[in-house]
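Okay, so here's the structure we're looking at.
Note that the coordinates shown come from a computational prediction; the quantities given were computed from them, not determined experimentally. Protein chains get the first letters and strands the later ones, always in sequence-line order, with residue 1 at the start of each.
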Protein chains: 2
Amino acid sequence: MLAVQEFFENSDYAVSVVDLVNHFKEEMNKATVYRILSRMESEGMIHSFNGMDGLTWYAACKHCSHDHHEDQHPHFQCKKCGRVECLEISLPIPKVKDHKIDSEIVLLVGECNNCQS
Amino acid sequence: MLAVQEFFENSDYAVSVVDLVNHFKEEMNKATVYRILSRMESEGMIHSFNGMDGLTWYAACKHCSHDHHEDQHPHFQCKKCGRVECLEISLPIPKVKDHKIDSEIVLLVGECNNCQS
DNA sequence: TTGTTATTGCAACCTTGTTGCGATAAATTA
DNA sequence: TAATTTATCGCAACAAGGTTGCAATAACAA
């Protein structure tokens, strides 16, 4: 579990579960990776969300504990390099007629600074 | 293909691919459902997106053809009944420093009118 | 040391989604 | 109409993400 923990430390980027399983495949079993990830998520160390690709992505939490989970920020995915980033901004929740809206899941898609030539 | 087409006509609701395969399982094969769905999508009759659950959801297009696909609207999912709806509104694309944003994928989560007691 | 609990590896499994291929149906052409 | 081409379908097998049961090991406490 420590190795996975260290992996997320000091990273603003999200990682897909496929990349994680691949990254640790010499070190630990696929099932173990999944178990560690869900444990870390329930303890508020990381949060998960779905990428455009349908995969589950994980990223480090900044200000969360197991009873206070603040993962409502939007994510950004660069369509060139595929990197996914957590954005530490809060978007206004839109008002829609006849709908009581509690939260919104936002994935912004575009080009990151590195990929803009 | 006709049966699937009729299924989407006059519906503002999105359907998960699992529900679709299940709904047509007496009538046609799983592979056929998938093939019809991707054909209908490429012809601009329906559009797809990823739900919170990681599943693919499909919904009827309103003003699309095979060369003009306008599926950038937000979706709304009721967390009580699970129904997913297309919202015919357009949200402003937020500006984020150091990021060139082309589009945004938005899933609003809350309670629909039916479920609010 | 002994007993208890948490963590892991492995294999088997489930689910979503795709593909190759032979069979059937529909549309073309002669 | 008959022959031929083309599109569609069913089936089975497969791939990839993800989960689970169970035995083995590691960590911890009495």
Side-chain angles (χ1 to χ4, degrees), chain A residues 1-9 13-61 65-67 69 71 75 77 82-84 105 107, chain B residues 1-9 13-61 65-67 69 71 75 77 82-84 105 107:
Chain A
M1 168 148 168
L2 231 144
V4 182
Q5 247 171 283
E6 283 166 5
F7 186 93
F8 280 103
E9 272 165 24
Y13 291 101
V15 197
S16 80
V17 79
V18 178
D19 289 339
L20 279 163
V21 169
N22 205 49
H23 185 267
F24 288 106
K25 72 160 174 277
E26 319 270 291
E27 211 165 327
M28 61 182 79
N29 188 268
K30 178 178 72 161
T32 307
V33 176
Y34 278 100
R35 282 191 275 233
I36 289 177
L37 288 172
S38 55
R39 218 185 314 154
M40 285 176 67
E41 184 169 29
S42 71
E43 284 168 19
M45 304 165 75
I46 55 176
H47 63 274
S48 67
F49 57 95
N50 293 88
M52 294 188 299
D53 41 21
L55 295 184
T56 304
W57 288 69
Y58 283 94
C61 281
S65 60
H66 81 280
D67 54 328
H69 218 58
D71 56 353
H75 294 92
Q77 181 156 25
R83 279 230 247 192
V84 177
I105 299 169
L107 180 63
Chain B
M1 169 146 169
L2 231 144
V4 182
Q5 246 172 283
E6 283 166 3
F7 186 93
F8 280 104
E9 272 165 24
Y13 291 102
V15 197
S16 80
V17 80
V18 178
D19 289 338
L20 279 164
V21 169
N22 204 50
H23 184 267
F24 288 106
K25 74 160 172 276
E26 318 272 291
E27 211 165 327
M28 61 181 80
N29 189 270
K30 178 179 71 161
T32 307
V33 176
Y34 278 100
R35 282 192 274 234
I36 289 175
L37 288 173
S38 56
R39 217 186 315 154
M40 284 175 68
E41 185 170 27
S42 70
E43 286 169 17
M45 305 165 74
I46 56 176
H47 63 274
S48 68
F49 57 96
N50 292 86
M52 296 188 299
D53 41 21
L55 295 184
T56 304
W57 288 69
Y58 282 95
C61 282
S65 60
H66 82 279
D67 54 328
H69 218 57
D71 56 354
H75 294 92
Q77 181 158 27
R83 282 228 246 190
V84 176
I105 299 169
L107 179 64

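- At a threshold of 4.0 angstrom between heavy atoms, the contacts of B:V21 with the nucleic acid are absent.
- Interface remark: the A:K30 side chain does not form any donor-acceptor pair with the C:dG9 base, using a distance-only criterion of under 3.5 Å.
- One interatomic measurement links the two molecules: CG of B:D19 to P of C:dT15, which rounds to 14 Å at whole-angstrom precision.
- Taking atom CE of A:M28 as the reference point, atom C1' of D:dT25 lies 15 Å away to the nearest angstrom.
- A straight line from NZ of B:K25 to C1' of C:dT15 spans 15 Å, rounded to a whole angstrom.
- Rounded to whole angstrom, the span from the CG atom of B:D53 across to the C1' atom of D:dG18 amounts to 14 Å.
- To the nearest angstrom, P of D:dG18 lies 16 Å from CD1 of A:I36.
- Closest non-hydrogen pair, B:Y13 versus B:A59, comes out as O-CB, 4.2 Å.
- The nearest pair of heavy atoms linking B:M28 to B:I36 is SD-CD1, 3.8 Å.
- Comparing B:N29 and B:L55 by the nucleotide of DNA chain C that holds the closest heavy atom to each, the one mapping nearer the 5' end is B:L55.
- Which of D:dG17, C:dT7, D:dG10 sits closest to the side chain of A:R39 comes down to C:dT7.
- Ring geometry for A:H75 versus A:H47: interplanar angle of 30 to 60°, hence tilted.
- Residue side chain A:R35 reaches the base of C:dG9 through a donor-acceptor N/O pair under 3.5 Å, judged by distance alone.
- With hydrogens and angles disregarded, no donor-acceptor distance shorter than 3.5 Å links the side chain of B:Q77 to the backbone of B:G51.
- Closest approach of A:N50 to B:D53, counting heavy atoms only: ND2-C, 4.5 Å.
- Nucleotide D:dT8 holds its P atom 13 Å from the CE atom of B:M40, rounded to whole Å.
- Across D:dG17, D:dA12, C:dG17, the shortest atom-to-atom separation from the side chain of B:A31 is found for D:dA12.
- Dashed line: the shortest gap from a side-chain N or O of A:T56 to OP1 or OP2 of D:dG18 is under 4.0 Å.
- Rounded to an integer number of Å, the gap from CE of B:M1 to P of D:dT6 is 20 Å.
- The CD-P distance, from A:E41 to D:dG18, rounds to 12 Å in whole Å.
- Look at B:Y34 and you'll find a side-chain N or O under 4.0 angstrom from OP1 or OP2 of C:dG17.
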